[in-house]
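Beneath this line is the structure, given in structure tokens, with notes to follow.
As the structure lists them, so they are numbered: ligands from 1, and atoms in each ligand from 1.
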Amino acid sequence: MCGIVGYVGEEQAAPILLDGLSKLEYRGYDSAGIAVEDSSNGEVNIEVIKSKGKLANLKQMTDDGNSVKGTIGIGHTRWATHGEPSASNAHPHSSMDGSIALVHNGIIENFKSIKDKLIKKGYEFQSATDTEVVANLLQYYYSGDPLDTIIKVIHRTTGSYAFGILFKDHPGEVYAVRKDSPLVLGHSENGNYIASDVPAILKHTRDVYYVDNMVIAKLTKDGINFFNVDKEPVEVPLNHVEWDIAGAEKGGYEHFMLKEIYEQPTAVSETLMSHIVDGQIVIPEIQMSDEELKNISRIYIIACGSAYHAGLVGKYVIEGMAGIPVECEVASEFRYRNPILQDNSLVIVVSQSGETADTKVVVNMAKESGHNVLAIVNVVGSSIAREAGNVFYTSAGPEISVATTKAYSAQLIALYLIAIKLGEVRGRVDEEKRGYYINELKKLPDKIKVVLADNSRMQWLASKFFAATDVFFIGRGIDYAVALEGALKLKEISYIHAEAYAAGELKHGPIALIEDNTLVVSLATQAELYDKVVSNITEVRSRGAYACGISTYGQYSMEASSDYAVYVPKTDPYFMASLSVIPLQLLSYYASVAKGFDVDKPRNLAKSVTVE
Ligand code: AGP
């Protein structure tokens, strides 16, 4: 997704903008640009520099920003939506008369009708973007007062946006406004900042503002003022970011993904310990009484991608522990099928970024229909967190790699804790059982470390199969949910075609795909289903497959049943996903490295999918 930054202060802006943009690279982009305002010689000039491709091109064109003079500016990394990746489609976009420069993250849905109108009024366009339409609409409505102009424009546009704007007539000022796209503002002694995400400005400040939809920020070197759409000043609370910049850096690992894989014991333990007080599970975020929780008739878990896969594990665990029916569905399907939500339902949305467009819509749908919503979110202050109201924050820390690992693991913990809590209020989990579950959960971080220490087994498998064209993952129950996550990981970073199947479905079609030496990764961690999965492994091996069997310590018959056995420590069957997913993450990581791919920034993918 696109990323925006902005700065106004005493320092030269261009190097700050370029550095900030480099911290947003993880969002995915295909071009970049900056606009810097300079009035040092008495005349106001806005210089715009843009380039297709990597930020390095822009750095080279500007001598790392040093050749661009001025202490006020905005910058952008673009992920193409309207118009191909090119320098002309890159942001910032200027109004036709050059008096306004604009960066934008999001999509203007009604840009076509506005563009048609502006063309009739004599406006000409240099790009195919929806953003240039807004730059010209700003010029069209410009009255001499930036606030009035922005208010008119945001009333006229539909869709999602975070804008950073410079007006040539108002030197020394940067304006910003958002609707349904992320925007954070930072304040420091040396100036004030805008950004799509905290890492972009963390080097300069830890004091940040998160603004609501359609609150307009006016930044000068001395401070930030906020206004509502009636031009009235509004107060926005200042937040202090606690996490360290090192948390967002690679910390000695070759890739963020590997670092994040190894951070899973911490992510799990912190998510767990922030919700266990004196041996009790405490989830103050669920603002529902025990009586209300007891009366929940159905739970809907809605999410996208890996967060959806975590939700699927949650379905098995909540149904098993609490006896509440759970439906788990991808947000992009749920939102358009007019779902009939039962009375007394709880809608749980799961999202690492808290910005995923489809998931965010579900929050509003559920709230509008009067249902309780609980969001499991990693990014504090993100849109979904603020809109849902009830938020269970996972404590995974900033996740930079596009392929999620530690956030997925933290989401599992959140769902386990919710399941145990629901089991308790419904009388299915007594004190002893709760104690046992908590004890098992507390042992997970050390057990994850044991699996990580055995990384060379997956490295070997990756070196044998990194050139494979097709890989299959099979499992039953919770193992099936984990198989789906394993296949997604392999697809997204090693670009190997990978599919997951419920093991029992094999003979209904997929087994026809098995050829000599096809890798089939089989998960068999659920003791009750072990023999069934072993039968499925036998079926695929007899058709030529190379079977990697993943099971628990003690199930050593896997040695004979598969070609390559991988063992993880035992835990309660409900929590097995937290251990069995680790070898799958390692397999995809090492396959991607073996192929020489950009592990952290896989092609065509973005870290947070803020548009449909
Ligand atoms: C995970 O590896 C993916 N890149 C992706 O599926 C992701 O989980 C999905 O886009 C949801 O993102 P979210 O958790 O930020 O909502």
Minimum heavy-atom distance between R178 and V211, given as atom pair plus value: NH1-O, 3.0 Å
Nearest-neighbour protein heavy atom for atom 9 (C) of ligand 1, which is reported as residue plus atom name and distance: C304 O, 3.6 Å
Contact atoms of ligand 1, heavy-atom distance to S351 under 4.0 Å: 13 (P), 14 (O), 15 (O), 16 (O)
Protein contact of atom 10 (O) of ligand 1 - nearest heavy atom, named by residue and atom, plus distance: V609 CG2, 4.1 Å
Nearest-neighbour protein heavy atom for atom 15 (O) of ligand 1, which is reported as residue plus atom name and distance: S353 OG, 2.6 Å
For M214 against I154, the heavy-atom pair lying closest together: CE-O, 3.9 Å
Subset of ligand 1 atoms that lie under 4.0 Å from at least one heavy atom of Q352: 13 (P), 14 (O), 15 (O), 16 (O)
Sole candidate of E263, Q411, Q585, E399 that passes side chain to side chain donor-acceptor pair (under 3.5 Å) when paired with K406: E263
Distance filter under 4.0 Å to A403 heavy atoms, resulting ligand 1 atoms: 2 (O)
Any N/O pair A606/ligand 1 closer than 3.5 Å: no
Nitrogen or oxygen atoms of T359 and ligand 1 under 3.5 Å apart: no
Cation-pi check, R457 onto Y564 ring (under 6.0 Å, within 45° of axis): yes
Steps toward salt bridge (Lys or Arg N to Asp or Glu O under 4.0 Å) verdict (E327, R298): CA-CA 8 Å; E327 287 180 33; R298 186 169 288 263; 2.8 Å; yes
Distance from atom 7 (C) of ligand 1 to nearest protein heavy atom, with residue and atom: S306 N, 4.0 Å
Ligand 1 N/O within reach of Q411 N/O, cut-off under 3.5 Å: no
Output field: ring centroids Y590/F466 closer than 6.0 Å: no
Residue-ligand contact V402/ligand 1, heavy atom below 4.0 Å: yes
Shortest protein contact, atom 3 (C) of ligand 1 (heavy atom only): E492 OE1, 3.4 Å
Where ligand 1 meets A307 - atom numbers and elements under 4.0 angstrom, heavy-atom basis: 8 (O), 14 (O)
Pair D446-K449, salt bridge (Lys or Arg N to Asp or Glu O under 4.0 Å): steps then yes or no: CA-CA 5 Å; D446 282 342; K449 285 181 193 163; 3.7 Å; yes
Ring-face cation of K489 near F473 (centre distance under 6.0 Å, axis angle within 45°): no
Proximity flag K489 to ligand 1, non-hydrogen atoms under 4.0 Å: yes
Minimum-distance pair of heavy atoms, taken over all atoms of S196 and N105: OG-ND2, 4.1 Å
Ring centers of F575, Y416 separated by less than 6.0 Å: yes
Atom 16 (O) of ligand 1: the protein heavy-atom neighbour that sits closest, reported with distance to 0.1 Å: T356 OG1, 2.4 Å
